[in-house]
Every structure is written in C-alpha cells, then in structure tokens.
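What follows is a set of notes on a single structure, which appears directly below.
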Amino acid sequence: MKLVTKLTVAATLATFMFAGVNLTWGNSFTNSATDALTATNSFGVWLDVNDSMSFGWEGTGVKVGFDGPAGMQMRLGFDPNAVAGTGTTVGMSRSWWTSTGDGWGTDLSTALDWTMTGTNQGDFALTMNLGFGF
C-alpha cells in the first residue's frame with residue numbers, strides 16, 4: 001500500500017511539475033463601498049490543467065479559468081477573505097499580447113470580475129496584468 005501511495009504522490013507532483021505555470025503581476029481597480037475607484041496591487045500564480053483549463057490564485061482568491069469564445073477566458077472565483085463571509089466571482093479575461101520565444105513567455109492581459117455573493121455583491125474588479133510563464 002505504501003508503494004501505491006508513493007506512486008500516486010509522485011504522479012500527482014509530476015503533473016504540476018510539467019504543467020504550464022504563469023506568474024502575474026499588475027494593478028486591480030475596484031469600486032469601493034463609497035463608489036470611489038480604488039487601485040491595489042495584484043499578484044497571482046496560474047497552473048495549466050490542460051489546453052483549455054487553468055486554475056490558480058490571483059489577488060485575494062482562488063480562480064478557475066476555462067477557454068471561451070474569441071480567445072477569451074471565462075473565470076470563476078472564490079474569495080475566502082471577503083468581508084462578512086465568502087465571496088464568489090464570475091468574470092472574463094483576455095490576453096492582448098503574448099511573446100513567442102523559448103523559455104520564459106510574457107503576456108499582457110486584462111480581466112473583469114464581478115462579485116456575486118457576500119457584502120460586496122455587485123462590485124467589480126478590473127485587473128491589468130503582466131504575466132511571466134514557462
């Protein structure tokens with residue numbers, strides 16, 4: 001049984017080790033409780049599951065992305081740090097520029113996420129990211 005467990009752990013780690021990893025850094029613009037636009041830094045880490053799905057952490061929550069129409073990515077998010085409980089988000093993103101080189105790849109992207117539950121229901125976040133992937 002120990003051998004099966006070790007093989008399962010090794011196979012699971014190998015899938016992450018050879019998966020596409022994208023580190024993002026940028027600014028997130030949100031409307032606050034006073035309807036004033038505020039800007040904060042945003043950092044994230046995304047892992048590719050397959051050619052059309054990825055998951056990761058961006059800003060303050062966990063997100064899952066699915067390929068959508070016209071090069072867009074549909075996003076579902078879960079923010080455990082939302083005020084008064086958990087918050088879920090629905091959004092979309094688009095990479096406007098992607099480098100085509102060996103090794104590190106860079107991209108510029110924009111994402112728009114709407115908060116669906118929690119105290120900040122109805123708020124949005126517009127995020128502009130610079131990504132580094134390998």
Side-chain angles (χ1 to χ4, degrees):
M1 189 63 172
K2 288 183 180 183
L3 180 62
V4 172
T5 304
K6 288 179 184 179
L7 288 174
T8 304
V9 169
T12 303
L13 291 176
T15 60
F16 290 115
M17 185 170 54
F18 296 110
V21 177
N22 191 20
L23 306 172
T24 62
W25 176 65
N27 290 323
S28 180
F29 302 93
T30 59
N31 58 333
S32 64
T34 60
D35 284 336
L37 193 63
T38 59
T40 57
N41 291 329
S42 174
F43 178 76
V45 177
W46 286 85
L47 299 170
D48 289 340
V49 175
N50 56 31
D51 290 341
S52 61
M53 183 180 162
S54 59
F55 74 95
W57 172 79
E58 185 175 277
T60 59
V62 176
K63 301 216 186 300
V64 176
F66 307 95
D67 280 355
M72 304 286 274
Q73 181 187 50
M74 308 309 290
R75 298 157 48 110
L76 301 173
F78 176 74
D79 186 0
N81 297 323
V83 179
T86 59
T88 55
T89 60
V90 174
M92 60 186 158
S93 70
R94 167 96 169 139
S95 289
W96 299 104
W97 177 80
T98 304
S99 69
T100 56
D102 293 336
W104 283 89
T106 56
D107 65 89
L108 295 172
S109 64
T110 304
L112 183 60
D113 294 305
W114 291 274
T115 304
M116 302 302 287
T117 60
T119 325
N120 299 328
Q121 182 176 357
D123 287 356
F124 72 91
L126 175 68
T127 308
M128 292 180 233
N129 284 324
L130 171 63
F132 302 98
F134 51 92

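This chain uses plain numbering: 1 for the first residue, then up along the sequence.
Remark: the backbone N or O of F132 is paired with a side-chain donor or acceptor of N22 at under 3.5 angstrom. Proximity of a side-chain donor or acceptor of R94 to a complementary backbone N or O of A70 within less than 3.5 Å is detected. Listed for the S28 side chain is no donor-acceptor partner under 3.5 Å among the backbone atoms of T40.
When side chains are defined from C-beta on, T88 counts as touching M116, because their heavy atoms get closer than 4.5 Å. At least one side-chain heavy atom of T110 sits less than 4.5 Å from a side-chain heavy atom of M128. Proximity of N27 to N41: side-chain heavy atoms (C-beta onward) are separated by under 4.5 Å at one or more points. Proximity of F29 to F124: side-chain heavy atoms (C-beta onward) are nowhere separated by under 4.5 Å. Taking the side chain as every heavy atom from C-beta outward, L76 and T89 never approach each other to under 4.5 Å. Side-chain contact between V64 and F78: absent, with no pair of heavy atoms (C-beta onward) separated by less than 4.5 Å.
By the criterion of side-chain heavy atoms lying less than 4.5 angstrom apart, applied directly or through intervening Ile, Leu, Val, Met, Phe, Trp or Tyr residues, L112 is grouped together with L37 in one hydrophobic cluster. Placement of V49 and V62 in two distinct hydrophobic clusters is found when ILVMFWY residues are connected by side-chain heavy-atom separations under 4.5 Å, directly or transitively.
The two residues W97 and S99 make their nearest non-hydrogen contact at CH2-CB, 3.8 Å. Considering every non-hydrogen atom in both N129 and S42, the closest pair reads OD1-OG, 4.2 Å. Contact detail for W46 and T24: the closest heavy-atom pair is CD1-CG2, 4.1 Å.
Side chains of Q73 and S54: a donor-acceptor N/O pair is present below 3.5 angstrom, by distance only.
With values rounded to the nearest 0.5 angstrom, F66 atom CZ is found 9.5 Å from N50 atom CG. The CH2 atom of W114 lies 10.5 Å from the CZ atom of R75; values are rounded to the nearest 0.5 Å. D67 contributes atom CG, which lies 11.5 Å from atom CE of M72 (distance to the nearest 0.5 angstrom). In this structure, OG1 in T127 is found 14.0 Å from CH2 in W25, a value given to the nearest 0.5 Å. Note that the NZ atom of K63 and the CD atom of E58 stand 6.0 Å from one another [nearest 0.5 Å]. Note that CG of D107 and CG of L130 are 7.5 Å apart. Values are rounded to the nearest 0.5 Å.
By the neighbour-count criterion of 12 heavy atoms within 6.0 Å, atom CG of D51 is sparsely surrounded, having that number or fewer from other residues, nucleotides or ligands.
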